[in-house]
Protein chains: 4
Amino acid sequence: MRHKDEHKQKAIIDATVKLVNETGFAAASVAKIAREAGVSPATLYVYYKNKEDLLVSTYVEIKRKFGVAVTREYDPTLPIRDKLARFWRNAFVAIQEEQALFQFSEQFARTPYADLVPPEVMEEYFGPIFDTLREGIRQKIIKDLPIEILSVFMFQPVMQLANPKICAAFGKEPGDVDLAFTLAWDAIKL
Amino acid sequence: MRHKDEHKQKAIIDATVKLVNETGFAAASVAKIAREAGVSPATLYVYYKNKEDLLVSTYVEIKRKFGVAVTREYDPTLPIRDKLARFWRNAFVAIQEEQALFQFSEQFARTPYADLVPPEVMEEYFGPIFDTLREGIRQKIIKDLPIEILSVFMFQPVMQLANPKICAAFGKEPGDVDLAFTLAWDAIKL
Amino acid sequence: MRHKDEHKQKAIIDATVKLVNETGFAAASVAKIAREAGVSPATLYVYYKNKEDLLVSTYVEIKRKFGVAVTREYDPTLPIRDKLARFWRNAFVAIQEEQALFQFSEQFARTPYADLVPPEVMEEYFGPIFDTLREGIRQKIIKDLPIEILSVFMFQPVMQLANPKICAAFGKEPGDVDLAFTLAWDAIKL
Amino acid sequence: MRHKDEHKQKAIIDATVKLVNETGFAAASVAKIAREAGVSPATLYVYYKNKEDLLVSTYVEIKRKFGVAVTREYDPTLPIRDKLARFWRNAFVAIQEEQALFQFSEQFARTPYADLVPPEVMEEYFGPIFDTLREGIRQKIIKDLPIEILSVFMFQPVMQLANPKICAAFGKEPGDVDLAFTLAWDAIKL
DNA sequence: AATGAATGAGATTTCATTCAT
DNA sequence: TATGAATGAAATCTCATTCAT
């Protein structure tokens with residue numbers, strides 16, 4: 001018997017991301033995704049239970065990738081501010097480098113589909129960030145507020161800044177990222 | 001598509017928002033929207049040219065409503081910080097009060113459909129906000145950065161904070177909103 | 001608005017019966033039925049909720065027709081034997097005249113679909129037959145056995161005899177039917 | 001398709017019968033049958049040419065089994081009535097013991113597939129029964145009618161009586177079967 | 001012999017829209 | 001204006017079967 005073809009798996013995910021980004025969730029049909037991926041629509045059902053499974057799995061996989069990218073080179077010995085700065089810069093770079101994946105995840109996250117993803121999954125991928133914020137609070141460096149709220153001020157802006165559709169002007173000059181981080185930091189620091 | 005039966009018009013918009021929120025754009029079919037609104041599918045085409053027109057019009061209408069709500073009681077004589085604080089609070093209250101409309105607009109905005117809406121429309125609704133930021137820069141009260149970037153730090157967080165799915169803990173206590181505004185202000189103030 | 005087209009309704013039922021008889025339940029697809037009926041597959045779903053509804057409704061309708069035909073000219077004053085003879089002859093004629101409908105119902109009845117039909121429906125259509133058998137028992141003309149068992153001996157044979165595939169030789173000669181009824185009567189009479 | 005793995009062969013037949021009985025011919029797909037049997041869909045094609053072959057072979061095999069069961073302990077020296085009584089009782093017991101196989105064969109026999117089975121095959125399995133009826137006619141013990149018609153009156157009822165779905169009340173008491181045979185015998189005896 | 005992967009063809013059903021009233 | 005009927009096109013998914021191992 002044959003083995004599952006890793007190449008096909010990747011082609012399907014890429015096609016899904018591309019089509020959803022270009023045409024939206026509503027118009028991204030299984031047939032079109034399959035054609036884009038160069039496989040038969042039936043083949044898609046060898047890899048995924050159904051369309052929902054395809055979309056949710058793709059989302060989770062993307063979130064995992066970003067989780068890895070953002071927490072890359074995590075150094076627990078750094079000062080709080082530097083740790084957060086690294087996460088911030090990592091996030092900015094990752095989003096810039098994988099615009100398509102990011103756009104997909106942003107679109108997906110606003111969809112009712114998103115409720116199907118268990119929250120533990122997300123928690124796992126971004127744990128170090130939350131830990132760092134908690135540590136900052138304990139050390140009285142960061143304002144004593146719920147983690148979700150601090151996260152919103154710290155990381156929501158970077159997601160917009162890295163999106164050239166929204167902030168075309170941003171990120172071209174060296175120093176832009178450090179400057180923007182300062183704003184985020186100013187928001188949450190004590 | 002004007003002045004036919006206002007009551008039916010509203011029923012259709014409400015049904016559209018409800019269905020898109022609950023089932024997503026892909027599953028919100030004309031037939032289901034019509035059933036939810038208590039009219040025939042054909043009736044829908046009396047009010048809107050086609051499905052795209054229905055969705056885009058609904059979005060623009062929602063944005064208009066939020067524009068009005070956010071810039072309500074605009075007082076040009078107030079200090080910069082107080083003007084922004086009012087926008088902020090208005091936004092928070094408006095989102096809280098019209099969760100469904102807000103959710104729809106968030107979902108819609110990430111859709112390729114959103115590109116069909118001319119940017120001037122948005123500019124018109126939220127003009128006073130941009131003016132205020134520009135004025136703050138001139139007065140050297142706010143950091144001298146592109147308006148889009150300041151907007152991101154100032155208003156992106158409130159959109160998340162007002163969403164109980166993301167920040168369940170927020171907004172229950174009096175003072176929450178003022179406190180949160182302080183964070184946003186700290187980010188952009190000089 | 002338009003009205004539902006009785007002609008189309010009938011065309012769909014006829015097409016269903018024809019295709020199921022000729023190709024079996026498995027091969028009788030909605031598309032083929034629609035084509036045979038001269039309507040769009042989508043139109044079929046205006047009249048029936050889904051394929052199962054189409055098949056079950058068709059079956060119930062056929063049973064109703066046969067119920068009417070078998071109990072036609074029911075005369076409560078006749079002797080038991082004559083009443084049963086009339087049911088018997090009616091059944092034979094009805095089956096002969098509507099071979100296709102009968103074949104469909106026979107095939108359907110052996111299908112798991114048949115369990116979806118509530119038994120009261122059948123009871124209603126064939127009530128007079130059961131009443132007559134009960135009366136015969138009371139009058140000590142018929143063997144005192146459960147109605148189902150008597151029914152089996154009385155009416156199962158006629159269903160086979162009227163089927164030319166099984167009994168090609170039967171029913172050509174006048175007197176065949178009366179003769180065959182005698183066998184059924186001999187089985188259940190005291 | 002002979003003598004590979006008898007165990008697998010049996011598993012496939014059992015799965016076929018089970019699925020056809022529970023979900024009908026239309027829904028009994030090769031994939032589901034294979035899963036139920038615990039083999040790969042491809043394996044099925046080692047044993048049978050195609051799906052049709054699987055179904056027809058299963059039917060013929062079941063008919064063979066019932067033929068053997070019904071004519072078991074055939075004693076040519078017995079009187080006509082006793083020979084038929086034995087066939088009758090054998091049939092009743094066989095159907096009762098192999099409800100699933102019987103249900104499958106009943107369902108299959110009404111299907112257009114059934115026309116693919118050459119009639120000689122059936123004749124071979126049930127030959128002794130037909131011989132006995134012919135003998136009875138010759139001895140002027142049984143009514144002089146075509147064999148098919150006598151068969152219908154003699155054996156159609158037992159097929160229904162042994163089906164608990166139709167005759168739930170029947171067969172529980174000792175003597176039920178003998179009593180019922182009397183009815184069948186009364187129908188055809190001179 | 002046995003199998004999981006792969007697929008073209010086709011299944012059922014729903015879609016957005018128009019028609020006739 | 002308002003609508004239920006009607007439909008071609010397209011949706012998702014499963015089918016029986018073959019392939020490569």
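- F/dT14 atom C1' lies 19 Å from atom OH of A/Y48, rounded to whole Å.
- Straight-line distance from the CG atom of A/N50 to the P atom of E/dT13: 17 Å, rounded to whole Å.
- Geometrically, A/K4 engages A/Y47 in a cation-pi contact, judged by NZ or CZ lying under 6.0 Å from the ring centre and within 45° of the ring axis.
- Among the nucleotides E/dT7, F/dT12, E/dT18, the one closest to any side-chain atom of A/Y45 is F/dT12.
- Remark: E/dT18 base-pairs with F/dA5. Criterion, Watson-Crick or G-U wobble with two distances under 3.5 Å.
- Contact annotation: D/K51 side-chain N/O to F/dC15 OP1/OP2 distance is not under 4.0 Å.
- Contact check, B/S29 against E/dT14: no side-chain N or O comes under 4.0 Å of OP1 or OP2.
- For the pair C/Q9 CD and F/dA6 P, the computed distance is 10 Å after rounding to whole Å.
- Shown here, F/dC13 forms a base pair with E/dG10; the pair counts as Watson-Crick or G-U wobble because both key distances fall under 3.5 Å.
- Distance NZ (B/K8) to C1' (F/dT3): 9 Å, rounded to an integer number of Å.
- Picking from E/dG4, E/dT13, F/dA16 the nucleotide with the shortest atom distance to the side chain of D/S40 gives E/dG4.
- Taking atom CG of A/L44 as the reference point, atom P of E/dA5 lies 14 Å away to the nearest angstrom.
- Here the side chains of A/F102 and A/S105 are in contact, with some heavy-atom distance below 4.5 Å.
- Between C/K4 and A/P41, the residue anchored closer to the 5' end of DNA chain F is C/K4, taking for each the nucleotide with the nearest heavy atom.
- When distances are taken from the side chain of D/V30 to each of F/dC19, F/dT7, F/dT17, the shortest belongs to F/dT17.
- At the phosphate of F/dA2, OP1 or OP2 sits under 4.0 Å from a side-chain N or O atom of B/Y47.
- Comparing A/V39 and D/V39 by the nucleotide of DNA chain E whose heavy atom lies nearest to each, the residue mapping closer to the 5' end is D/V39.
- Between B/K32 and B/E36 there is no salt bridge, since no side-chain nitrogen of the basic residue lies less than 4.0 Å from a carboxylate oxygen of the acidic one.
- Remark: P of F/dA11 and CG of A/L54 are 15 Å apart, rounded to the nearest angstrom.
- The shortest non-hydrogen separation linking A/S40 to A/A34 is C-CB, 3.9 Å.
- At the phosphate of F/dA10, neither OP1 nor OP2 sits under 4.0 Å from any side-chain N or O atom of A/K32.
- Between the CD1 atom of B/I33 and the P atom of E/dT17 there is a distance of 11 Å, given to the nearest Å.
- In terms of heavy-atom proximity, B/N50 sits nearest to B/Y45 at CA-CE2, 3.8 Å.
- Rounding to whole angstrom units, CG of residue C/D5 and C1' of E/dA20 are separated by 13 Å.
- Nucleotide E/dA1 forms no Watson-Crick or G-U wobble pair with any nucleotide shown, as no partner meets the under 3.5 Å limit on both distances.
- When the nearest nucleotides of DNA chain F are assigned to C/V46 and A/A42 by heavy-atom distance, the more 5′-ward of the two goes with C/V46.
- Salt-bridge formation is not detected for the pair D/D14/D/K18: no Lys NZ or Arg NE/NH1/NH2 atom is positioned less than 4.0 Å from an Asp or Glu carboxylate oxygen.
- Out of E/dA20, E/dG4, F/dA2, the shortest distance to the side chain of C/R2 is found at E/dA20.
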